Protein chains: 2
Amino acid sequence: MPANLIDTIDRTSYEPAYAQLVRILRRQIAAGMFRPGHRLPSEAQLCEQYGVSPMTVRRVINILVEQGAVVAEQGRGTFVKPIELGTAAFHLDELQRLFQGEETTVKLLEARIVSASERTARKLLLEVGQRTVFIRRLISHDESPVLYHREHVIYDPTRPIVEAEMEVTALRGLFNGGSEATLKRGELAIDATVMTEEEARLLHVSPGNAAFRVEHIFYDFENVPVSWGWFICPGDRLRFTTTVGIYDQEPHNV
Amino acid sequence: MPANLIDTIDRTSYEPAYAQLVRILRRQIAAGMFRPGHRLPSEAQLCEQYGVSPMTVRRVINILVEQGAVVAEQGRGTFVKPIELGTAAFHLDELQRLFQGEETTVKLLEARIVSASERTARKLLLEVGQRTVFIRRLISHDESPVLYHREHVIYDPTRPIVEAEMEVTALRGLFNGGSEATLKRGELAIDATVMTEEEARLLHVSPGNAAFRVEHIFYDFENVPVSWGWFICPGDRLRFTTTVGIYDQEPHNV
DNA sequence: AAGTGGTCTAGACCACTAT
DNA sequence: TAGTGGTCTAGACCACTTT
């Protein structure tokens with residue numbers, strides 16, 4: 001039985017051979033040709049079958065492994081991976097989309113110098129009473145508020161980040177990958193909470209509603225924490241979604 | 001000026017050359033040697049500097065691109081990527097860890113055949129009134145309840161999945177990647193909600209507390225939806241965390 | 001034209017697993 | 001021992017961008 005003509009690499013295509021083979025194998029797995037736990041053809045067989053070099057097949061297998069579709073075991077073979085919930089990754093795509101649109105506005109509610117509380121001092125590695133800049137922002141989309149942001153930025157006149165952070169446009173850069181060259185890394189965590197009265201009022205929802213709370217700490221290139229705070233988002237205005245298992249198309253994650 | 005001895009590839013090491021070079025470049029970026037937006041040495045330069053072949057350097061760059069540390073532009077060069085919030089991905093590692101431990105127990109609260117409601121029918125592509133198996137489970141860790149799971153599984157005597165799903169151990173397999181060869185893919189979504197009285201009672205928290213609601217639909221290899229339901233988890237017993245930007249170590253995601 | 005990233009080859013050698 | 005995945009080479013050729 002000759003191989004399906006669709007499952008053939010077109011050397012005249014603009015799509016590279018390795019990408020075509022990834023697509024072909026993904027589709028075959030998704031179609032159930034290779035079931036979870038079963039072995040894929042060996043790399044040597046794939047070389048011969050599709051007329052590509054070992055290095056190219058190797059690359060294809062690597063990509064499928066990274067995508068979580070298969071698992072390669074040295075000396076044994078390459079096996080189709082069963083569906084696995086634990087590897088699910090939720091992306092903040094929706095948040096990103098929010099900041100890309102022109103209909104999104106950032107309103108600075110407050111920005112003033114305060115003395116660090118015990119909690120703020122602990123998060124930013126400061127002494128209690130040291131100065132921080134307390135910033136409150138309201139992010140709206142299509143005139144409707146969707147995010148309430150409050151953060152503490154360390155106050156250091158020699159550090160230009162304070163002025164930069166005050167700019168309402170700085171937030172947009174953070175989400176879209178602007179030129180925030182002063183920040184090196186950040187740590188994020190999502191909680192589920194019930195909104196306070198202040199939060200509910202600002203976001204135009206009834207108090208007692210559920211919300212996501214995205215806490216963040218950002219560090220500069222000297223690994224000094226420079227910003228701590230969180231976003232509040234009503235639970236019904238944001239949805240984190242993902243997929244697990246085998247898809248015909250490339251996964252949008254990984 | 002000779003290169004730092006630490007930034008040298010040890011050919012006698014068990015760690016492959018490409019992995020060493022990934023580590024070296026990551027560290028240099030994290031140390032601020034190459035700042036966001038700046039150009040990395042060209043691939044030819046890296047070949048000469050570290051004494052590896054073009055193919056190996058290419059692989060290294062590919063890995064750094066996948067990790068989100070750099071962006072490669074054909075004809076221009078490879079540039080360090082600025083920190084970008086939108087690319088953050090939250091993993092369910094904690095959930096997975098939960099199911100790996102031996103201290104985790106799954107208790108079947110209920111399993112009975114019911115007629116599909118309008119909502120269930122829509123989700124599972126059934127007619128209203130068709131039979132589904134309604135399952136309620138309580139997942140506990142160290143004798144303390146952490147997850148409440150309710151799902152509808154389509155009822156089809158010829159389909160073995162019903163019996164398999166009834167097994168309380170099936171859930172464990174789903175999270176750890178067991179041998180669930182009947183399920184092809186799933187779609188997941190996270191909401192923030194306020195717990196109902198029933199949920200709060202089962203999870204031993206006060207009603208009105210916030211919770212994560214992880215909704216799921218699973219499909220078999222014929223792309224037929226076979227299971228719809230959701231997990232409820234108290235907001236203070238689960239935290240989704242992630243990092244953005246440049247880290248010295250490999251990111252645990254991607 | 002020169003320099004950059006991007007693909008691909010045809011092999012070599014190694015480490016591991018099964019028989 | 002034979003078969004499997006895993007690394008690596010030393011080039012070739014191409015597409016793209018800058019000068």
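Just so we're on the same page: letters track the sequence lines, and every chain starts at 1. From a predicted model like this one, the values you see are computed outputs, not experimental measurements.
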note: B/F79, atom CZ; D/dC16, atom C1'; distance rounded to Å ~ 13 Å
Are A/R76 and C/dC16 close enough that a side-chain N or O sits under 4.0 Å from OP1 or OP2? no
A/R59 CZ to D/dT7 C1': how many Å, rounded? 15 Å
Side chain to side chain donor-acceptor pair (under 3.5 Å) with B/D7: which of B/R23, B/Q20, B/Q49, B/R27? B/R27
Distance below 4.0 Å between B/Y18 side-chain N/O and D/dC8 OP1 or OP2: no
Using heavy-atom distances to pick each residue's nearest nucleotide on DNA chain C, tell me which of B/R39 and A/E15 is more 5'. B/R39
Euclidean distance, atom OH of residue A/Y14 to atom P of D/dA15 [Å, nearest integer]: 8 Å
Compare side-chain N and O positions of A/T56 against OP1 and OP2 of C/dT7 and report whether any pair is under 4.0 Å apart. no
With the threshold set at 4.0 Å, does a side-chain nitrogen-carboxylate oxygen contact exist between A/E222 and A/K184? no
side-chain N/O B/S53 vs D/dA10 OP1/OP2, d < 4.0 Å: no
Heavy atoms from C-beta onward define the side chain here; which of D/dA10, C/dT9, D/dT7 lies closest to that of A/M55? C/dT9
For the aromatic rings, using the six-membered ring if either is Trp, is the centroid distance between B/F240 and A/F240 under 6.0 Å? no
Check the angle between the aromatic planes of B/H152 and B/W228 and answer parallel, tilted or perpendicular using the 30° and 60° thresholds. parallel
Between B/S42 and C/dG3, is there a contact of a side-chain N or O with OP1 or OP2 at under 4.0 Å? no
How close or far is atom P of C/dG11 from atom CD of A/E43, stated in whole angstroms? 17 Å
By nearest atom, which of the nucleotides D/dT4, C/dG5, C/dT9 is closest to the B/Q74 side chain? C/dG5
Between A/R11 and C/dT9, is there a contact of a side-chain N or O with OP1 or OP2 at under 4.0 Å? yes
Nearest-angstrom distance from the residue atom CD of B/Q45 to C1' of C/dG3: 10 Å
Go nucleotide by nucleotide along DNA chain C from the 5' end; which of A/P54 and B/E73 gets its closest nucleotide reached first? B/E73
